[in-house]
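Quick note on labels: first sequence line is chain A, next is B, and so on, each numbered from 1. Quick caveat, the model's predicted, so the values are computed rather than measured.
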Amino acid sequence: MIDIKYLRANPEVVRAAIKNKNEKADLDALLRVDNQRRSLQYSYDQLRAQQNTVSQQIAQKKRAQEDASEEIASMAKVAAQLKGIQADLNAANAEIETRLLSIPNIPEADVRIGPDETHNEVIRHEGEPATFDFEPKDHLAIAEQNGLLDLTRGAKISGSGFPIYKGAGARLERALINFMLEYHIQKHGYTELMVPLAVTRKTMTGTGQLPKLEADMYHIAEDDLFLIPTAEVPVTNIYADEVLSYKDLPQKYVAYTPCFRREAGSYGKDTRGLQRLHQFNKVEMVRFVEPENSAAALKEILHDAEDILQALGLHYRVVSLCTGDLSFASQKTFDLEVWAAGSKKYLEVSSVSNFGEFQARRANIRYKDAEGKMRHLHTLNGSGLATPRLMIALLETYQQADGRLKLPEALKPMLELRI
RNA sequence: GGAGAGUUGCCGGAGCGGUUGAACGGGACGGUCUCGAAAACCGUUGUAUCCUUAUCGGGUACCCAGGGUUCGAAUCCCUGACUCUCCGCCA
């Protein structure tokens, strides 16, 4: 959530951010209601002050057994007046809240301005693409030959986009999740959390998925709960409506969860095999930091995610997202795209973002700094990593001429696989 | 799913509808004392918003949330959320 005081002072900055992020929001209407609200609040406060004073006089008179009917009569009028103002004030506050929730975060100054992903900037490449002395197959062919997946039956029981991992495929998936969790816990110092997979509307609003993305969520109407699209949602919200101490910061959490995405309107776009799913597994890193440390923390999370790809010997590139491709809540994001050697393309396996105080404002997460001042902390997160496309890259990179796989050493301790 | 109890400030815990932002105790912070510490004593101890985004000072709101009654609500009424206990169901 944008600070309304900042918005009042810098409407043009916010207007530009909305435009550069391809969002829509009526700033003028918001500023107008904000003005109304403030003048209503002023009238309200004045009348209340009067009411409080006279009420005490009434109390005194009553105690002294004097007649206070005149005061009571005049206060009855004030009370009626207050009721009307209160109603207007509530309406104004509700409208401001609604409009404010639809204003995106402001991209950092060094984020390239561009309309869509074609304007993203590839910052660097790491590792070398695998080379073969045969024609490499794509992951579906490899999975089929080794019996790793059963997408047909997954679709039968739940619809397309709900994969079944089978036999060695299931074990590999489980090994990957465990490998990444342990890596972040042991080498990067994260604390693991296991969190609810269904969350409230308020929680979903706290991190910025709602109201914008409601159509992309699986919703349980009876309880008004949403299946999480990422562990970011429950993990970031663990401190909603709390005040931490600067001594508690920074905090680093890692969580594995399945993720659920309806992906409304994305049919037919890169959906082959495991590329785009309604349910997939992901290990997510989340950090709570003091504002002055969030830029450095962003780089650290990026490296934490990259470490996984490097440990698995995969070639990838780092992409800095332009404004048009930034998520609603993000102010700066790097994507990691892994090389799929058989499909011969880069696939996004991680998104690492700094949200500044945007989510902290929405979720009302504050902390007291060393001077005892109350401030909003900064939140960040990064996938570390999402498994489906990682699986694609692994299968395609480590395939051999006979169709069997020779998986990287790093996974050995997690699972003795012979496939 | 059924029955009951509860939700007050950093914590514990009071609070007849009218100087209650809230007794009392604890904690924390500052000070006195001390070579230093402990103890003792004194003082301070919230958030948001507005008046003026300096300071000082002041107004208003906040006792789970939202409504209602009243001149006036932490206190009365209604609805909801959550917590605890008992019963039922269940991995």
- Mind checking A/Lys202 for me? I need base, sugar-phosphate or nothing, with any heavy atom below 4.0 Å counting as a touch. nothing
- Give one of base, sugar-phosphate or nothing for A/Asp241, where a contact means two heavy atoms less than 4.0 Å apart. nothing
- Message: Here's a test of your reading of the structure: between A/Gln50 and A/Lys368, which maps to the more 5' nucleotide of RNA chain B?
- Response: A/Lys368
- Between A/Gln56 and A/Gln46, name the one whose nearest nucleotide on RNA chain B is closer to the 5' end. A/Gln56
- Query: Just wondering, more than 12 heavy atoms not from A/Arg38 lying within 6.0 Å of its CZ?
  - Reply: yes
What's the gap between [N] and [M] when it is taken at their [atom1] atoms, as a whole Å value?
{"N": "B/rG46", "M": "B/rA22", "atom1": "C1'", "answer": "12 Å"}
{"N": "B/rC10", "M": "B/rU47", "atom1": "C1'", "answer": "13 Å"}
{"N": "B/rA38", "M": "B/rU32", "atom1": "C1'", "answer": "15 Å"}

- Message: Strictly by Watson-Crick or wobble contacts shorter than 3.5 Å, is anything paired with B/rG4, and which nucleotide is it?
- Response: B/rC84
- Message: Under 3.5 Å for both donor-acceptor distances, Watson-Crick or wobble: does B/rU69 have a partner, and if so which one?
- Response: none
- Would you say the side-chain atoms of A/Arg112 pair up with the backbone N or O of A/Cys322, donor to acceptor, closer than 3.5 Å? no
- Its contact letters, B for base, S for sugar-phosphate only and - for none at protein heavy atoms under 4.0 Å, make nucleotides 48-54 of chain B read SSS----
- Any chance you could measure A/Lys212, atom NZ, to A/Thr205, atom OG1, to the nearest 0.5 Å? 14.5 Å
Check whether any side-chain nitrogen or oxygen of [X] sits under 4.0 Å from OP1 or OP2 of [N], and answer yes or no.
{"X": "A/Asn52", "N": "B/rU19", "result": "no"}
{"X": "A/Arg48", "N": "B/rA61", "result": "yes"}
{"X": "A/Lys83", "N": "B/rU69", "result": "yes"}

Tell me whether [X] is salt-bridged to [Y], with the criterion being a basic N under 4.0 Å from an acidic carboxylate O.
{"X": "A/Glu214", "Y": "A/Arg262", "value": "no"}
{"X": "A/Lys187", "Y": "A/Asp307", "value": "no"}
{"X": "A/Lys282", "Y": "A/Glu284", "value": "yes"}

- Item | Cationic tip of A/Lys406 above A/Tyr398 ring, under 6.0 Å, 45° of axis | no
